[in-house]
Amino acid sequence: MLRSVKGLKDILPQHASQWQHIETVARTLASQYGFSEIRIPIFEFTELYARSIGGTTDIVEKEMYTFLDRDGSSLTLRPEGTAGVARAVLEHKLLDSPSTRKLFYLGPMFRHERPQAGRYRQFHQFGVEAFGTDDPLIDVEVITLLWNFFSSLCLKDLSLNINSIGTQEDREGYIQKLREFLSPTLTVLCENCQRRYSTNTLRILDCKVPSCQETTQDVPVLIDYLSDTSKIHFEAVLDGLTSLQIPYSINHRLVRGLDYYSRTTFEITSPHLGAQSTIGAGGRYDGLLQVLHGPPTPAIGFAVGLERVSLLLAEDQTQKKSPLFFLAGFGDIGKPIAFKLLYELRQSGIRADTDHKARTLKALLRSADKLSAEYSIILGDDEAQSGNVIMRNMHTKAQEIVALNELIQRIHKGC
RNA sequence: GUGGGUGUAGCUCAGCUGGUUAGAGCGCCGGAUUGUGGUUCCGGAGGUCGCGGGUUCGAAACCCGUCACUCACCCCA
């Protein structure tokens with residue numbers, strides 16, 4: 001049997017309405033907060049991601065779906081949304097108008113990782129990006145939108161973690177201190193952390209190995225090494241969240257993995273997801289547009305993993321549909337007339353269906369039941385000959401003979 | 001890329017230390033009702049026991065390999 005590609009998942013009919021619901025909430029809320037939708041391509045020149053995400057990150061080093069175009073240029077399926085949006089913003093000069101500085105997107109991303117609970121090779125993200133200001137209140141706006149997105153979906157037991165990783169310069173000073181602190185304990189750290197010491201020192205902070213957490217317990221705190229501007233900014237963000245009563249906890253060990261992050265970083269986690277507990281995360285990326293040869297432009301955004309959201313959502317989010325009329329047509333004369341009637345019902349805006357596989361009236365009604373039809377329209381040879389149909393209420397079992405040519409009118413009048 | 005767990009019917013699973021025609025529940029189809037669903041009763045269809053090799057008189061079961069799924073590490077949403 002032919003199967004789907006490893007790590008890719010079908011969204012089957014029974015879950016489609018749940019996805020529609022998630023997407024509707026995302027669009028509605030983003031729009032309420034003044035964000036406009038942007039739809040960008042799902043692949044770009046590889047260079048875009050290599051430059052913005054950072055050449056030494058895992059995403060770029062080993063997780064990208066990269067392929068050569070026919071002219072030899074290297075293309076990559078988007079592993080995340082921010083880089084593409086930033087590129088589009090520069091390419092179309094969207095920074096000039098306040099109406100296009102706040103953008104949101106919704107769509108699939110691709111990363112070649114080993115699949116696991118809440119992690120797929122094609123996954124979907126909802127994300128927002130706000131360009132052009134480093135006013136701490138925009139940070140608050142973005143975080144609030146993220147928080148309210150989850151509240152609107154009625155997700156429980158979430159926690160918002162927040163930190164500031166400062167500017168590039170702030171960080172350099174801190175990393176030096178961190179290395180000094182850790183160097184005598186280097187041999188006690190786990191293998192991963194020994195490697196991180198030189199390549200990605202900050203990551204040692206959120207190592208899961210208990211012995212590492214113990215050794216790094218009294219490590220210097222990043223916030224103490226922030227410049228005054230960074231510190232004031234961070235405090236203003238926290239004040240803003242407090243004034244809106246958004247519950248947060250400061251997590252000194254929260255460091256984001258992508259190179260472009262600076263200052264404010266945050267993530268929202270759920271305890272019900274196994275190892276992949278982060279359902280939404282983001283931060284400020286004030287340096288990114290310059291890296292892409294744009295003007296110096298502060299910016300902040302977040303991304304939400306929609307598969308993870310979907311896992312947390314209660315089943316059966318089915319929205320109400322209009323009543324279904326089931327055409328039970330049978331017999332040589334009845335079936336073709338019923339088929340024509342089916343078409344006419346649909347033309348007049350009525351939700352109607354039949355089951356061509358069912359031959360007998362019994363089988364037809366059984367199908368009507370499986371489809372949860374409100375009414376069955378019974379049309380056999382007898383009815384065909386007299387120009388009538390039997391309209392059966394599937395809940396009350398009440399039946400009524402209706403003239404064929406009056407049926408649609410009758411339905412529209414209400415049953 | 002590394003490690004653990006699991007592969008038996010469409011789905012969820014049972015199958016004792018190897019033993020003869022491989023089972024259940026749900027679902028599906030049909031009958032009881034010559035043209036009336038959901039409940040009930042009766043019947044039926046559906047399986048290369050993931051795949052390949054080995055041990056054995058005999059393998060779904062034991063061994064080796066392989067593939068798939070899954071969880072975790074790494075990393076991330």
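In what follows, every heavy atom counts, from backbone to side chain, and hydrogens, waters and symmetry copies are set aside. Throughout, a chain's letter reflects where its sequence line sits, starting with A, and its residues are numbered from 1. All of these numbers come straight from a predicted model, not from anything done at the bench.
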Just checking A:I378: base, sugar-phosphate only, or nothing, at a heavy-atom cut-off of under 4.0 Å? base

Considering every strand and a 4.0 Å limit on heavy-atom distances, what is the contact class for A:E80: base, sugar-phosphate, or nothing? nothing

From the set B:A77, B:C74, B:G35, return the single nucleotide nearest to any side-chain atom of A:L361. B:G35

Decide yes or no, distance alone: a donor-acceptor N/O pair under 3.5 angstrom between the base of B:C76 and the side-chain of A:R308. yes

Of all the choices, B:U36, B:C74, B:C69, which nucleotide is nearest to the side chain of A:K6 once you look at every atom? B:C69

Quick one: label A:R256 by what it contacts on the DNA or RNA (base, sugar-phosphate, nothing), any heavy atom closer than 4.0 Å. sugar-phosphate

Complement of B:A72, any strand, by Watson-Crick or G-U distances under 3.5 angstrom: B:U2

Ignoring backbone atoms, establish whether A:K370 has a side-chain N or O less than 4.0 Å from OP1 or OP2 of B:C28. yes

The side chain of A:L365 lies closest to which of these nucleotides: B:C76, B:U2, B:U36? B:U36

Looking at the base of B:C75, is there any donor atom on it, or on the side chain of A:R119, that sits under 3.5 Å from an acceptor on the other one? yes

Report yes if a donor N or O on one partner sits less than 3.5 Å from an acceptor N or O on the other, where the partners are the side chain of A:E383 and the base of B:G35; otherwise report no. yes

Side chain of A:K397, base of B:G38: donor and acceptor closer than 3.5 Å? yes

Quiz item: A:R366 side-chain donor-acceptor pair to B:G38 base, under 3.5 Å: no

Scan side-chain atoms only and decide if A:T216 and A:R253 contain a donor-acceptor pair under the 3.5 Å cut-off. yes

For B:C11, the nucleotide meeting Watson-Crick or G-U wobble distances (both under 3.5 Å) is B:G25

The side chain of A:R3 is closest to which nucleotide in this list: B:C69, B:U70, B:G35? B:C69

For A:Y174 and A:Y225: C-alpha separation, side-chain torsions, deciding distance, then whether ring pair (Phe, Tyr, Trp, His ring centres under 6.0 Å) applies. CA-CA 6 Å; A:Y174 173 70; A:Y225 292 81; 5.5 Å; yes

Regarding A:H15 and A:S310, is there a side-chain donor-to-acceptor distance under 3.5 Å anywhere? no

A:D332 CG: over 12 foreign heavy atoms closer than 6.0 Å: no

For the side chain of A:R196, starting at C-beta, report the closest nucleotide among B:C74, B:A72, B:A77. B:C74

With distance as the sole test, does A:S230 use its side chain to make a donor-acceptor pair with the main-chain N or O of A:G166 at under 3.5 Å? no

I want to confirm an ordering. Mapping A:V5 and A:T57 to their closest nucleotides on RNA chain B, which one lands closer to the 5' end? A:V5

Which base sits across from B:U33 as a Watson-Crick or G-U pair, both distances under 3.5 Å? none

Looking across every strand, which nucleic acid part, if any, lies under 4.0 Å from A:G282 by heavy atom: base, sugar-phosphate, or nothing? nothing

Across the strands shown, which category fits A:D58 at heavy-atom distances under 4.0 angstrom: base, sugar-phosphate, nothing? sugar-phosphate

Base, sugar-phosphate, or nothing: which does A:L258 touch, judged by heavy atoms less than 4.0 Å apart? sugar-phosphate

Nearest of B:C73, B:G37, B:A77 to any side-chain atom of A:A275? B:C73

Has the side chain of A:Q399 got a donor or acceptor atom sitting under 3.5 Å from an opposite partner on the base of B:U36? yes

Quick check: A:F43 with A:F67 (ring centres under 6.0 Å apart)? yes

Using the six-membered ring for Trp and the full ring for Phe, Tyr or His, decide whether A:F330 stacks on the six-membered base ring of B:G35 (centres under 5.5 Å, planes under 30°). no

With sugar-phosphate meaning primed atoms plus P, OP1 and OP2, does A:A281 contact a base, only sugar-phosphate, or nothing at under 4.0 Å between heavy atoms? sugar-phosphate

